[in-house]
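For reference, the structure discussed in these notes is given below.
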Amino acid sequence: MKILVPVKRVVDYNVKVRVKSDGTGVETAGVKMSMNPFDEIAVEEAVRLKEKGVATEIIAVSMGVAQCGETIRTALAMGADRGILVETDADLQPLAVAKMLKVLVDREQPTLVVMGKQAIDDDMNATGQMLAALLGWAQGTFASKVAIEGDKATVTREIDGGLETVALKLPAVVTTDLRLNEPRYASLPNIMKARKKPIETIKPADLGVDPAPRLTVIKVAEPPKRQAGKKVGSVAELVAKLKTEAKVI
Amino acid sequence: MDFALSDEQEAVREAIARICTRFDDKYWHDRDQTGGFPHELHQAMAEGGWLGICMPTDYGGAGLGITEAAIMMQAIAESGAGMSGASAIHMNIFGLNPVVVFGTEEQKARMLPPLIAGREKACFAVTEPNTGLDTTRLRTRAERRGDRYVVNGQKVWISTAQVAEKMLLLARTTPLDQVRKRTEGLSLFYTTIDRARVEAREIPKMGRKAVDSNQVFFDNFEVPVEDRIGEEGRGFEYILHGMNPERILIAAEAVGLGRVALARATQYAKERVVFERPIGQNQAIQHPLAEAWMQLEAAQLMVMNAAWRYDRGLSCGAQANASKYLAAEAGFFACQQAVMTHGGFGYAKEYHVERYLREIMIPRLTPVSPQLILCFIAERVLGLPKSY
């Protein structure tokens, strides 16, 4: 069984994000970039399925600028077998990504696509669902547990108020939530092996997809600065302030 | 000329930084209080295959260069582990280079894999109490008796001798008065420490309590002939091979420690408000920090230059020594400034910077004094008369 794992290059989760002065987006120049943490969880899940003997090959796919190759390399160091880089300078939005992934799925014929439920940059939470729709496949989103048996996947989903378990008929798309697993650290021997694993580089045109954005970003702004809190000396003072200032009671 | 790290070097840095997040400030603070070797860090590095970073691939290593090893060691120090973390594995990264270069196939197959796998730790026994840096005057004797050598004498400042299973030992096999040159007659051994014949007495010291430093006494310690590395009498020559890489690694560690000190100081300067403004708004606070940054960056360039030269087989003695000097001094300046920036709180253990200041004294003092580096540069680079 082949697993396809899309991985996105995003601003590292430790970086304090800054909005560009012209309000067109966030500053990425000179900023540390890493693999989207949810995608790391997806790679880890795929690698675990391979270690269990369920999967035979893991293909990591990334789309965007040439440096996305580094993100693929990270996936290869974690245990993916080969990579595909769809190189483009275009601003990629979920629908374009899903369309290109669909063409790659048609070509590679994986039984499972495992991907992050969302990327931490734009928080769209759309690509996995769109891909499943385009393929006409089952989807198990926000997975906190995945079990594969024969041509069935059992996915435990994190939903409001609890857990929901769904049974999917394979092939399927699974999107990963935070508690699915804890991604491994790449070991040195695996970093070395990753160097020798192949990465195929193609363009959106090779997939017959026009990646031009359909959505227009009007403005990106910083959230308002949080005001400092106030210290109160007594419960009575607190209640008074809640009544007169906050007007919540 | 390309000053950027390669993807692979970035990956090394990243992976090490991630492992080190498991060993937080509290871990190192506690180690500094109570002592105890950071076995968990050593094991984590072994499990990730990191101890073999510059060992040959035939024996389970990764076959990378000193540049990558320097990046790795720097990332450990910079994580806040400082010298407590770096020294715990430092010797295991490059110390066995004489075995790699001069050992037989049998020796390499026997000695390298257990070290890389973390099953064995090694210590490096060269320095003696009465010789200091005048290494050729070593007095520890190894006398050949049949198929073994019998070692008597003492060593000092032997790091990790409490926890190591193995020892790389330099001892005199031919007395000084019977050799043509003083550099001859010393032999190198890599052997198992027999605790009945080797006593390691820990030296209480200023910092880095987690990683022991020792006086070591040999009392008729027997070393099998098959544990001798290379030819008898050529040990000094062999040991010289590892000197430049060692300086480069410790320099990288010093820059790493300086960086974490600077980062803490900068953060504190932004947050600490006195007279209704952050203290970092005062030039008296910010200028020394800016200076520390520049010094660390300049030292780092020299470290990377020296490592690059070593990995390309170019002469690197001057650069390796200069990098050790510059990095240690830059690191010291940064650590000292970090304490000063914190004011009185800098003296409290809770803020970690006083620990950094105590630890940064190590790269200043060792493996060679700053004065002797100046002598070396004056004599060997500038061609001035030898002064000592």
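Reminder, nothing fancy here: chain letters follow the sequence lines and each chain counts from 1.
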* For residues B:Gly49 and A:Leu188, report the shortest heavy-atom separation together with the two atoms involved. => O-CD2, 3.4 Å

* **Proximal component of B:Leu64, with respect to chain A [non-hydrogen, under 4.5 Å]** => side chain

* Between B:Ala15 and A:Ile191, which heavy-atom pair has the shortest distance, and what is it? -> CB-CD1, 4.0 Å

* To do: Identify, with sequence neighbours excluded, every residue that meets ring-ring contact (aromatic ring centres under 6.0 Å, His included) alongside B:Phe94.
  => none

Which side chain or backbone donor-acceptor pairs connect chain B with chain A at less than 3.5 Å?
unit_1  : atom_1 : unit_2   : atom_2 : d
B:Glu8  : OE1    : A:Arg195 : NH1    : 3.2
B:Glu8  : OE2    : A:Arg195 : NE     : 2.8
B:Glu8  : OE2    : A:Arg195 : NH1    : 2.8
B:Glu14 : OE1    : A:Lys32  : NZ     : 2.5
B:Glu14 : OE2    : A:Lys32  : NZ     : 3.3
B:Arg18 : NH1    : A:Glu40  : OE2    : 3.0
B:Arg18 : NH2    : A:Glu40  : OE1    : 3.4
B:Gly48 : O      : A:Leu188 : N      : 2.7

